Amino acid sequence: MTSSLHRGRPRRPGPHISVRVAHAVLGCAIGLVWLVLPGMTSGDDAPVAIKEPASAAGTVAAAGEEEDETSTADLVLPLVAVAAVGAIAGYGYVRRVRRARSRTTPGGSGGPPPPGSAPPLTALDGRARAALVEADDRIRAARTELDHAETLFGRDPVTPLRLTVQEAGTELAAAFRMRLRYDEGTPAEDAARAHALAGIVGRCEETTRRLDSVADALARLRGPDGGPGDALGVAEGRFRELTGRVAASETVLAGLRTRYAPTATATVIGNVEQCKDRLLFATVRLNEARQAADAGRAGTAATHLRAAEAAVAQAAVLLGGVDRLAALLKAAEQTVPAALTGAEAELSAARAAEASGPPQEALLRHADVVLASVRQELTAGRPADPVGMLRRIVRATEPFAPGRSGVLRAAALITARTATGAASDFVETHRGAVGAAARTRLAEAERLLAANDPADRRAADDLALESLELAEQDVRTHGNPAPAPEGTAGGIGAAGGVLGGIVPPEPPADAPPANPTTPPSADT
């Protein structure tokens, strides 16, 4: 029986070719000996006396004919033999080369893969990422539409739809958890990883199926014509309310920048300007919706209205981010002194316990240095970052205070809420450019924070910070959308609308139409 090791080894064509060449050379040598041997045995014989001359002529003639026939036979047979051996050797060589080139078994030289081919997991991985992004965008858009629908139609008809969106969110959260484990390398086998990716895609498809039912129900609530109705007036009122809040948010942000260090306000530094951009986009779309409604083009009016509602919702997120950060910075500022005292007490307890345990002097010295630097910043009188201070305190004392009792538990909650809120706002208002990796980590951070387990707050903080970093990197890679042609009303604020995922990006001017045979949709 042939062992698996021998079966897996590649066959080497070299020895077989050399054997066939040796056979050919041996055949040629035999043929040459055959040709030379008759001349060597007949050329040196002594002449024989002729006793009967009359019959000698006939004998010589007969002998000459017999010699000619023998010489011809002696010449032809070796040549045929040489040719046969050479043909066999040549055929074996060609056959061996062809088999070596076309072999596809392990160890064979099967040639390069076809151009553009990819590992089996690559295509499925891309499909899973795209499915996560699409499902997450649909969830966010559905929540925005439900908020507007509740304002229009009340809570009762919207409550069942919210439950359906919540169920869809549960499916999507499971898909995100599967994706996080996949990114961490679990499972490790290719077959199991392919199965995990297929599961992610399946859950995303179930999410979108549930959201489709919500969209159908909302369409029935809007009425048979799908027109804007009272929704246009509600959106215009919400727009005016947010416009009035812009100046107040500018004042709050200016105060934060004066009171705290630049790192404390870095996540909201551009919120007010982005809010103005979304409101400018909403202004254009609201005007177009009003004009289309007055002209009886209900379909076009509804399309512009939904874009305006989404822009208004993102403007509210941007302004809300400034107010939330102001509250968290104030809470952190009030918590830092107590957190320092609690951390020092934890270190003292750890030193007392070290009398009967292994020394951890390196960790203790590091924690002492961190706490000393925080206390110095706190008493220096210069603008500081209180959330950053709490984060340093929590992480320095983590090896000695795993339970996060008392004030350290509150400090960890503040840092986790600050990071998660910043990442959530950024993804929501930049979802046209943010990919699956940032959304995956944000989803897990939000899940851990919602579970309200103090042991998970450090992990939630880390995941949220990583999500924000990945999202910002996605936006930098994506770049700013190309501006619309100058003088076109629809292009005002369109860059923010594209970046926020409110409207799709416009194709390049020289790009061919996606489907030239499809006629434009008519308004109803």
Side-chain angles (χ1 to χ4, degrees), residues 133-154 157-158 161-162 164-165 168 207-208 210-243 274-275 277-318 428-432 481 484 488-506 520-524:
V133 171
E134 180 183 1
D136 191 46
D137 283 346
R138 289 284 306 275
I139 284 276
R140 295 174 183 276
R143 289 168 180 163
T144 298
E145 292 184 11
L146 287 179
D147 290 341
H148 289 283
E150 186 171 328
T151 303
L152 286 170
F153 308 112
V158 176
L161 303 183
R162 287 196 183 277
T164 303
V165 172
T207 300
T208 56
R210 294 175 185 269
L211 294 176
D212 287 340
S213 66
V214 173
D216 294 339
L218 285 174
R220 289 191 294 271
L221 280 177
R222 296 188 192 102
D225 61 349
D230 296 336
L232 182 56
V234 172
E236 290 172 338
R238 181 64 171 154
F239 167 81
R240 288 190 291 268
E241 175 190 349
L242 289 173
T243 302
Q274 292 182 54
C275 173
D277 185 72
R278 298 298 193 277
L279 291 176
L280 183 61
F281 176 84
T283 300
V284 175
R285 292 306 175 112
L286 288 172
N287 290 336
E288 291 176 338
R290 176 66 68 184
Q291 293 172 5
D294 293 342
R297 294 180 285 119
T300 300
T303 299
H304 290 310
L305 174 60
R306 282 192 287 273
E309 289 174 344
V312 168
Q314 290 193 10
V317 170
L318 291 164
E428 176 68 31
T429 56
H430 298 78
R431 63 176 187 254
T488 58
I492 299 176
V498 172
L499 192 60
I502 301 170
V503 294
E506 291 292 333
S521 59
D523 295 318
T524 56

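On a predicted model such as this, the values are computed, not experimentally measured, just so you know. Quick note: residue numbers are just sequence positions, from 1. In what follows, every heavy atom counts, from backbone to side chain, and hydrogens, waters and symmetry copies are set aside.
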J.: Decide yes or no on salt bridge (Lys or Arg N to Asp or Glu O under 4.0 Å) for Glu309 and Arg285, but give the supporting numbers first.
T.: CA-CA 9 Å; Glu309 289 174 344; Arg285 292 306 175 112; over 6 Å; no
J.: Between the main-chain N or O of Arg297 and the side-chain N or O of Thr300, is there a donor-acceptor pair closer than 3.5 Å?
T.: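 Looks like no, no N/O pair under 3.5 Å.
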J.: Measuring from atom CG of Leu305 to atom CD of Glu288, what distance do you get when rounded to the nearest 0.5 angstrom?
T.: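 Going from CG on Leu305 over to CD on Glu288, the span is 12.0 Å.
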J.: So, do Leu161 and Val165 sit near enough that their side-chain heavy atoms are less than 4.5 Å apart?
T.: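 No; the side chains remain at least 4.5 Å from each other.
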J.: Indicate whether the side chain of His304 and that of Gln291 have a donor and an acceptor atom separated by less than 3.5 Å.
T.: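 Checked: His304/Gln291 side chains show no N/O donor-acceptor pair below 3.5 Å.
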J.: State whether the number of non-hydrogen atoms from other residues, nucleotides or ligands found under 6.0 Å of Glu134 atom CD is greater than 12.
T.: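 No, because the 6.0 Å sphere around CD of Glu134 holds 12 heavy atoms or fewer from other groups.
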J.: Nearest 0.5 angstrom please: Thr243 OG1 to Leu279 CG, how far?
T.: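 CG of Leu279 is found 4.5 Å from OG1 of Thr243.
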J.: Is Glu145 salt-bridged to Arg306, going by a charged N under 4.0 Å from an acidic O?
T.: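 The answer is no: the pair does not qualify as a salt bridge.
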J.: Is there a side-chain contact between Leu286 and Arg290, using heavy atoms and a 4.5 Å cut-off?
T.: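 No, their side chains stay 4.5 Å or more apart.
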J.: What heavy-atom pair brings Thr144 and Ala313 nearest, and what distance separates the two atoms?
T.: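 Shortest heavy-atom separation between Thr144 and Ala313 comes out as CG2-CB, 3.6 Å.
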J.: At what distance, to the nearest 0.5 angstrom, does CG of Asp137 lie from OG1 of Thr208?
T.: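 Output value for this atom pair is 12.5 Å.
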J.: Are Arg162 and Asp147 within salt-bridge range, i.e. N to O under 4.0 Å?
T.: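 Between Asp147 and Arg162 there is a salt bridge, with a charged N closer than 4.0 Å to a carboxylate O.
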J.: What pair of heavy atoms forms the shortest contact from Ala142 to Leu211, and how long is it?
T.: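 The answer is CB-CD2, 4.1 Å.
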J.: Between Arg238 and Thr151, is there a side-chain heavy-atom distance shorter than 4.5 Å?
T.: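 They are not in contact (no side-chain heavy atoms under 4.5 Å apart), so the answer is no.
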J.: Please give me the minimum heavy-atom distance between Leu221 and Pro157, naming the atom from each residue.
T.: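 Nearest pair, atom of Leu221 first, then Pro157: CD2-CB, 4.1 Å.
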J.: More than 12 heavy atoms of other residues, nucleotides or ligands under 6.0 Å from CG of Asp216: yes or no?
T.: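 More than 12 within 6.0 Å, yes.
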J.: Measure across Leu242 and Val312 and return the closest heavy-atom pair with its distance rounded to 0.1 Å.
T.: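 Residues Leu242 and Val312, closest heavy atoms: CD1-O, 3.2 Å.
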J.: Atom OG in Ser213, atom CG in Leu218: separation rounded to 0.5 Å?
T.: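 So the OG of Ser213 and the CG of Leu218 are separated by 9.5 Å.
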J.: Just verifying a value: how many Å separate Asp277 CG and Thr429 OG1, rounded to the nearest 0.5 Å?
T.: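 Here the rounded value is 11.0 Å.
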J.: Are side-chain heavy atoms of Asp136 and Arg431 found at a separation under 4.5 Å?
T.: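 They are not in side-chain contact.
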J.: List the atom of Gly500, the atom of Gln314, and the distance in Å for their closest heavy-atom pair.
T.: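 Looking at all heavy atoms of both residues, the closest pair is O-NE2, 2.8 Å.
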J.: If you look at every heavy atom in Ala311 and Phe281, which pair is closest and at what distance?
T.: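 That closest heavy-atom pairing would be CB-CD2, 3.6 Å.
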